[in-house]
Each structure stands twice: as C-alpha cells, then as structure tokens.
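Numbers restart at 1 for each chain; the letters A, B, ... are given by sequence-line order, proteins then strands.
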2 protein chains.
Amino acid sequence: MTLDIGDVSRRSGLPPSTLRYYEEKGLISSTGRRGLRRLFDQSILQRLALITLGREAGFSLEEIASMFTPTGKLSIDRKKCLEKADELEHLAKRLVSVSNVLRHTAACRAPSHLECPSFQRYVKVAEKKSHSMAKRK
Amino acid sequence: MTLDIGDVSRRSGLPPSTLRYYEEKGLISSTGRRGLRRLFDQSILQRLALITLGREAGFSLEEIASMFTPTGKLSIDRKKCLEKADELEHLAKRLVSVSNVLRHTAACRAPSHLECPSFQRYVKVAEKKSHSMAKRK
DNA sequence: ATGCAACTTCAAGTCAACTTGAGGTCAAGC
DNA sequence: GCTTGACCTCAAGTTGACTTGAAGTTGCAT
C-alpha cells in the first residue's frame, strides 16, 4: 500500500522533481526506500494538497513547513494557527471584492468605471490591508 | 495636483524602485516629466492598489498587465473578466476552507486531526481545484 | 552659487522555487 | 543476459519580481 514517486506525481499533479525538492526542504518525507527508490505513504497526498493550497494562498514553503510538526501533523501552535486563519479569511474577503470589481467591469456600461459608485465601493474594500498582511513582506 | 515618485511611494507603500520597474513593465505610466523626474496622477494610487491586490491573489505581473487597456482602464474583455472573477471566487472559497482547517487545528482536542471527521471535511473542500486553477502553472 | 536630498539611468545582483542535464542504478520483461 | 524505463544524485541553469550600486542630474533652501 505504498506509493512510488511516479504514482505520487500522477495523483498529486506535481512533477517528481518538485517532490524531491519538497523532501529536501523538509516539507514531506518518504517512508523508506526500495533500493534507491523512495516509497511514500498514501497520506502524502493529503499533505501535498495542503501544501499546494498554502502556496496558492501566498505562503512561502518555509512558512508552510513551519505549520507542520516534525511528526507530520499540523502545528499545535494554536495562536499561530488562528493568526494564519484570520489572515487567510481577510485575504479571501478581499479576493471576493476584486472578483466583484471584475464582474462589475464586465457588466457595467458606464463610460468610465472610475466614476461609477459601485465600482468605487468594491475597490475601497479591496484596498484595505490588514496589519498581518502588511507583515507579509 | 500631480505626484512625485516619492509621494507615490509613501502613499502606496511601494518603493520607488518597484514603481520604476512597474513602469518599465507597462503596468503603470507617468503622466509626464519635470526635468528628469516622473510625474504621476492621483489615479495611479487606485491602480497600484489593484495591482497589489492582484499580486496577493497570485497573478503574475504579466497577467495583471493584460487586465488593463492601454488607456489605463480595466480591460473590456468581458469574458476574460468573468473568468478571472470565477477563478478568484473559487480561490477565495478554498482559502476559507484552509482557514477553517487552521481554526479546527487550534480548537480540536482529537489525538490526530487526520481522524477527525470535520477536519476531513474541510480538507476535502480545500483539495478541490478548479479547471482554471490547474491552468495556472 | 552652493550644497544636498531626491531624483535619474543602466547593469548587475538576489531570492525563492523549481527545472534541467549529465551520469549512474536497478528490476522487469523479452 | 540485456535492454528499457523509471528511478537516483548533484550541480548548474531558469524565471519572475524585484533590489542594489555606481555614476550622473536637478530643484529648492540657505
């Protein structure tokens, strides 16, 4: 019931080179080897899904690595978790705002969007950055 | 009523080097020069806010550039706008899911999160990628 | 008119996140 | 037993998004 790197690659959509890179960086680990070949457990797939998601959310690999405990579970640092959660939620809200800006742009017939009040309103929401956001470099 | 690069930098939070870089890449443009110095219009600030937001949402500068028309308005390609809007909304939903995963991790007392049903549920939502998402390299 | 802070250009450097390539190993099917 | 394909390592290359540095210019206050 263990997976070859090729299987993991196919199932996760990530190329083997990336998987090796992630292992090198300590984000994942193989459960052992058969000869030279890495063997992975099923659970790697969930972990990779979380990593990919974290990347899409704008976290660096280093940040993501810090969210896992050495044993592979998610970090138990509750405060940190809640902070990240807030940050993500705020980002999500802003994204919805931009999404609204785009929908408006597609629909609105006003000569210039910059003068349209509803456009203005969306952009205003989108402009607000949270404090934690600012910290992110 | 025009701004110096320093003013824009202070008001947008972006360093002058980044502003010059963005200009070089065609994401923004100065309205003219006083001697050597670039002059910017007020409206640059809104535009920069949108650019920054786009970056946070994971778009490349090139993608962002393609969302603006040469005249500086948002692209009128309605189909493209709606596609991006969907993409953003989907990403936003997934982010909320990760946020939930994190909150759960902070709150749940189960010995292993991987066995907790509500954790599973959140991860399941988070795992789903949209088609458009997959295209994003 | 003189100093100097804030601008300018342009080339080169940096960093994260991968990818690519050369050269080697191994197990399975013909 | 030998080829083939999927794996391996390790070093070097790539890309995007900036930043830094050197060397020059300019506008405003003293």
J.: Taking B:T52 for the side chain and B:L48 for the main chain, is one N or O donor matched with an acceptor at less than 3.5 Å?
T.: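 Confirmed, B:T52 side chain pairs with B:L48 backbone.
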J.: Does anything in residues 24-43 of chain B pair up under salt bridge (Lys or Arg N to Asp or Glu O under 4.0 Å), and if so which pairs, sequence neighbours excluded?
T.: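 Found B:E23-B:R38.
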J.: With sugar-phosphate meaning primed atoms plus P, OP1 and OP2, does B:P15 contact a base, only sugar-phosphate, or nothing at under 4.0 Å between heavy atoms?
T.: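 If one applies the 4.0 Å heavy-atom cut-off, B:P15 turns out to touch the sugar-phosphate alone, with no base involved.
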J.: What is the separation between atom CD1 on A:I5 and atom C1' on C:dC26, rounded to the nearest whole Å?
T.: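 That distance rounds to 16 Å.
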J.: Closer than 4.0 Å, any side-chain N/O of A:R55 to the OP1 or OP2 of C:dC18?
T.: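 So the side-chain polar atoms of A:R55 do come within 4.0 Å of the phosphate oxygens OP1 or OP2 of C:dC18, strictly under.
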J.: Can you tell me the distance, in whole Å, between the CG atom of A:L19 and the P atom of D:dT9?
T.: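 Computing the A:L19:CG to D:dT9:P distance gives 13 Å.
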J.: Can you list every pair that meets salt bridge (Lys or Arg N to Asp or Glu O under 4.0 Å) and has a residue in residues 5-16 of chain A, with sequence neighbours left out?
T.: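 Passing the test, one end in residues 5-16 of chain A: A:D7-A:R10.
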J.: Has B:S9 got a side-chain atom pairing as donor or acceptor with B:I5's backbone, closer than 3.5 angstrom?
T.: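 The answer is no, because no donor-acceptor pair under 3.5 Å joins these two groups.
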J.: Which nucleotide in the list C:dA17, D:dC7, D:dC18 gets nearest to the side chain of A:R20?
T.: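 Ranking C:dA17, D:dC7, D:dC18 by closest atom to the A:R20 side chain puts D:dC7 first.
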J.: Within the supplied structure, the quantity of interest is the number of heavy atoms (other residues, nucleotides, ligands) at a distance under 6.0 Å from A:Q42 CD; does it exceed 12?
T.: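 Atom CD in A:Q42 is crowded, with more than 12 foreign heavy atoms closer than 6.0 Å.
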J.: Near DNA chain C, which residues from residues 21-40 of chain B have a heavy atom under 4.0 Å away?
T.: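 Here the set is B:R33, B:L36, B:R37, B:R38.
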J.: Rounded to whole Å, please give me the gap between CG in A:L61 and P in C:dA17.
T.: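 Distance check: A:L61 CG to C:dA17 P gives 4 Å.
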J.: Over all strands shown, is B:T18 touching base, sugar-phosphate only, or nothing at heavy-atom distances under 4.0 angstrom?
T.: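 If one applies the 4.0 Å heavy-atom cut-off, B:T18 turns out to touch the sugar-phosphate alone, with no base involved.
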J.: Same cluster for B:I51 and B:F59 if Ile/Leu/Val/Met/Phe/Trp/Tyr side chains link at under 4.5 Å?
T.: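 Same cluster.
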